[in-house]
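One structure below.
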Amino acid sequence: MKFFLDSASLDEIKAAKDMGLLDGVTTNPTLMSKEKADWHKVAEAICREVEGPVSLEVVGTTAEQMLAEAKELVKYGPNVVVKIPMLLEGLKAVRSLREQGIDVNVTLVFQPLQALMAAKAGATYVSPFVGRVDAIGGDGMAMVEEILAIFRNYDLRTQVLVASVRNPLHVVRAALMGADVVTVPFAVLKDFVKHPLTDSGLESFLKDWEKVPKA
Ligand code: E4P
């Protein structure tokens, strides 16, 4: 499973790279707004820093607008993945971009048929938003399980990129299901290595080591 960082923060991206957990990056307009900087410069810096795929999202809502934006976005580097919202107009843009050989990540997916439509349009990635589904009382990871089953039934090559991740359990369940990618906020990524019993176990080892007679 690939680990993407869900962030537009260069500091977080560099930290994740140092942790060896940076297979790619996903951004969106909200994450870009948090950087309070010229997003063109932010996008350029991210694409330079990250070796793997970098998702940059369009804000147009017609295929024509999306294609015009995509033409500019891909100039930031060969690792740019154009992020397209799940709309009928978006699916038109997906088909056109894939014909041009441009990778596409279909985002804002909340039910399996949307994912199937994205795959039929040839999307490189589809991003089901699990945290937001959970937040309204649904089971986001159950949605992912259905999407994976549908994709396996028809040998669809679109990669399932689990998004809107809120906790390590989302990541564990994604891995158990065989999702291709998870995109994770830095705050959650840091928790991957944590467990209270590890901390207490190490503390008692070190404390007991103090009792070992030393020459
Ligand atoms: C993917 O990049 C999505 O835009 C992102 O995971 C959404 O997460 P959120 O639900 O925390 O906004």
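Position 1 is the first residue of the sequence; numbering continues from there. Atoms within a ligand are numbered from 1 in the order they appear, just like the ligands themselves. This one's a predicted model, so the numbers in the text were calculated from it and none came from an experiment.
For atom 2 (O) of ligand 1, the closest non-hydrogen atom of the protein is Lys83 NZ, 2.7 Å. For atom 12 (O) of ligand 1, the closest heavy atom belonging to the protein is Arg132 NH2, 2.8 Å. At the top of the distance list for atom 3 (C) of ligand 1, counting protein heavy atoms only, stands Phe129 CZ, 3.4 Å. Taking atom 6 (O) of ligand 1 as the reference point, the nearest protein heavy-atom neighbour is Asp6 OD2, 2.4 Å. Counting protein heavy atoms only, atom 8 (O) of ligand 1 is closest to Ser164 CA, 3.5 Å.
By heavy-atom distance, the residue among Val109, Asn28, Val130 lying nearest atom 4 (O) of ligand 1 is Asn28.
Which parts of ligand 1 touch Thr26 is read off a 4.0 Å heavy-atom cut-off, strictly below it: atoms 2 (O). Ligand 1 places these atoms under 4.0 Å from at least one heavy atom of Ala163: 1 (C), 6 (O).
Within a 6.0 Å sphere centred on CD of Glu64, heavy atoms belonging to other residues, nucleotides or ligands number 12 at most. Shown here is Leu176, whose CG atom has more than 12 heavy atoms of other residues, nucleotides or ligands within 6.0 Å.
Note: Phe4 and Tyr125 have perpendicular aromatic rings, judged against thresholds of 30 and 60 degrees for the angle between ring planes.
Using a non-hydrogen distance threshold of 4.0 Å, Arg166 registers as a contact of ligand 1.
A salt bridge links Arg157 to Asp155: at least one charged side-chain nitrogen sits closer than 4.0 Å to a carboxylate oxygen. By the 4.0 Å N-to-carboxylate-O rule, Lys92 lies close enough to Glu89 to be salt-bridged with it. A salt bridge does not link Glu210 to Lys207: none of the charged nitrogens lies less than 4.0 Å from a carboxylate oxygen.
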(request) Give the intermediate values and the outcome of salt bridge (Lys or Arg N to Asp or Glu O under 4.0 Å) for residues Glu72 and Lys75. (result) CA-CA 6 Å; Glu72 295 307 310; Lys75 291 176 182 173; 3.0 Å; yes
